[in-house]
Asks: 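Below you will find the structure I want to go over with you.
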Amino acid sequence: MIKVLIVDDDFMVAKVHAGFIQRTPGFTVVGAAHTGAQAVAETERLQPDLVLLDIHLPDINGLDLMQRLRAVAPELDVLVISAAREVETVRRALRGGIVHYLIKPFSQTDLQERLEHYRSAYQSLAASKDVAEQSDVNRVFGLDRAERPLPKGCSIETLKLVEAALHAAAGDLSAAEVAEELGTSRVSARRYLEYLYDEGLAEVRLKYGVGRPERRYVLKGA
């Protein structure tokens, strides 16, 4: 479970963001802070994986705060959520090593998409291996599906359903099990699962029995 700390000077906005996060599988809100001083104290106490950081805080600029937060939690990742639209502010945030910059106001879907990308890319890269493949790096920078299109006849909507089925599973799944859950053919499910494997988003586990071993799939980092 990815632990999230929300840093926003508006109590109600922080509460709304917390609701968005709690409805995103794999994430949990561990706390909220409404000033820079509170953010440093809560980061040190809670050691979150990810901070949702507003820029306009009453006692400090959020971009100046980032280094203080990382001083007490060196492995911390930061996702900026702010109404600040100035290009220089965005550039400065990027130079500070943020995972994303989301401009207010935004929808639940907007935030969940960024969180899911963070979970599948950044977290799996940090936890899965000591040496990165190019596909791992592509996922972090959002280039994976842009560089390699889906197989002919496949749709992004069905791919998301397959990913969701793997994410919700208690363990690994076979192509037949995914097909039964989604109401597709086993051959079609296998194509999506193999695509996820080729892109480095899923792992294959072989189950041995009578005849050929069965290929079973699980999302990386799950």
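Since this is a predicted model, take the numbers as computed values, not measurements. Count residues from 1 along the sequence.
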Asks: To the nearest 0.5 angstrom, please state how far the OG atom of Ser155 sits from the CG atom of Leu161.
Replies: 8.0 Å
Asks: Residues in side-chain hydrogen bond (donor to acceptor under 3.5 Å, both in side chains) with Arg216, at least two apart?
Replies: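 Expected list: Asp172, Glu177, Glu214.
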Asks: Take Leu52 and Phe20 through the test side-chain contact (heavy atoms from CB on, under 4.5 Å) and record every step on the way to the result.
Replies: CA-CA 12 Å; Leu52 262 63; Phe20 289 171; over 6 Å; no
Asks: Considering all heavy atoms of both residues, which atom of Leu182 and which atom of Val162 are nearest to each other, and what is their separation?
Replies: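 Shortest heavy-atom separation between Leu182 and Val162 comes out as CD1-CG2, 3.6 Å.
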Asks: Between Gly36 and Leu65, which heavy-atom pair has the shortest distance, and what is it?
Replies: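 Reported closest heavy-atom pair: O-CD1, 3.7 Å.
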Asks: Suppose we call two aromatic rings close when their centres sit under 6.0 Å apart. Are His34 and Phe11 close by that rule?
Replies: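 Ring centroids of His34 and Phe11 are less than 6.0 Å from each other.
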Asks: Is any side-chain heavy atom of Thr184 closer than 4.5 Å to a side-chain heavy atom of Val178?
Replies: no
Asks: May I ask you to say whether Asp8 pairs ionically with Lys104, meaning some side-chain N is under 4.0 Å from a carboxylate O?
Replies: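 Result for this pair is yes, salt bridge flagged.
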Asks: How many angstroms lie between atom CG of Asn61 and atom NE2 of His56, to the nearest 0.5 angstrom?
Replies: 7.5 Å
Asks: Does the side chain of Val4 reach to within under 4.5 Å of the side chain of Pro48, using non-hydrogen atoms?
Replies: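 No, every pair of side-chain atoms sits at 4.5 Å or beyond.
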Asks: Please name the pair of heavy atoms, one in Ala175 and one in Ala189, separated by the smallest distance, quoted to 0.1 Å.
Replies: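 It is O-CB, 3.5 Å.
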Asks: What distance separates Leu63 CG from Leu53 CG, expressed to the nearest 0.5 Å?
Replies: 7.0 Å
Asks: Looking at residues at least two apart in the chain, or sitting in another chain, which of them share a salt bridge (Lys or Arg N to Asp or Glu O under 4.0 Å) with Arg95?
Replies: Glu88
Asks: Under 6.0 Å from the ring centre and within 45 degrees of the ring axis: does the NZ or CZ of Arg190 meet both conditions for the six-membered ring of Tyr195?
Replies: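 No, a cation-pi geometry is absent between Arg190 and Tyr195.
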Asks: So, using salt bridge (Lys or Arg N to Asp or Glu O under 4.0 Å) as the criterion, who are the partners of Asp9 when residues are at least two apart?
Replies: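 Listed in chain order: nothing, the list is empty.
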Asks: Any sub-3.5 Å donor-acceptor pair from Gln108's side-chain atoms to Gly19's backbone N or O?
Replies: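 Not a single qualifying donor-acceptor pair exists.
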Asks: Please check if the side chain of Glu75 supplies one atom and the backbone of Asp49 the other of a donor-acceptor pair under 3.5 Å.
Replies: no
Asks: Would you say that Ile103 contacts Arg85 through its side chain, given a criterion of any heavy-atom pair below 4.5 Å between the two side chains?
Replies: yes
Asks: Quick one: does any side-chain atom of Arg68 pair with a main-chain N or O of Asp64 as donor and acceptor, under 3.5 Å?
Replies: no
Asks: Using a 6.0 Å cut-off, check whether atom OH of Tyr101 has over 12 heavy atoms from anything other than its own residue.
Replies: yes
Asks: Could you list the residues that satisfy salt bridge (Lys or Arg N to Asp or Glu O under 4.0 Å) with Arg45, not counting sequence neighbours?
Replies: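 For Arg45, the residues satisfying salt bridge (Lys or Arg N to Asp or Glu O under 4.0 Å) (neighbours in sequence not counted) are Glu42.
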Asks: Mind checking what makes salt bridge (Lys or Arg N to Asp or Glu O under 4.0 Å) contact with Glu113, not counting sequence neighbours?
Replies: none
Asks: When you measure from the side chain of Thr24 to the backbone N and O of Phe27, does any donor-acceptor pair fall under 3.5 Å?
Replies: no
Asks: Can you tell me how far apart OH (Tyr118) and CG (Asp77) are? Round to the nearest 0.5 Å.
Replies: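 Here the rounded value is 3.5 Å.
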Asks: Look at the aromatic rings of His17 and Phe106 and report parallel, tilted or perpendicular, splitting at 30° and 60°.
Replies: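 Rings of His17 and Phe106: parallel, under 30°.
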Asks: For Glu180, what residues pass the side-chain contact (heavy atoms from CB on, under 4.5 Å) criterion, not counting sequence neighbours?
Replies: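 None.
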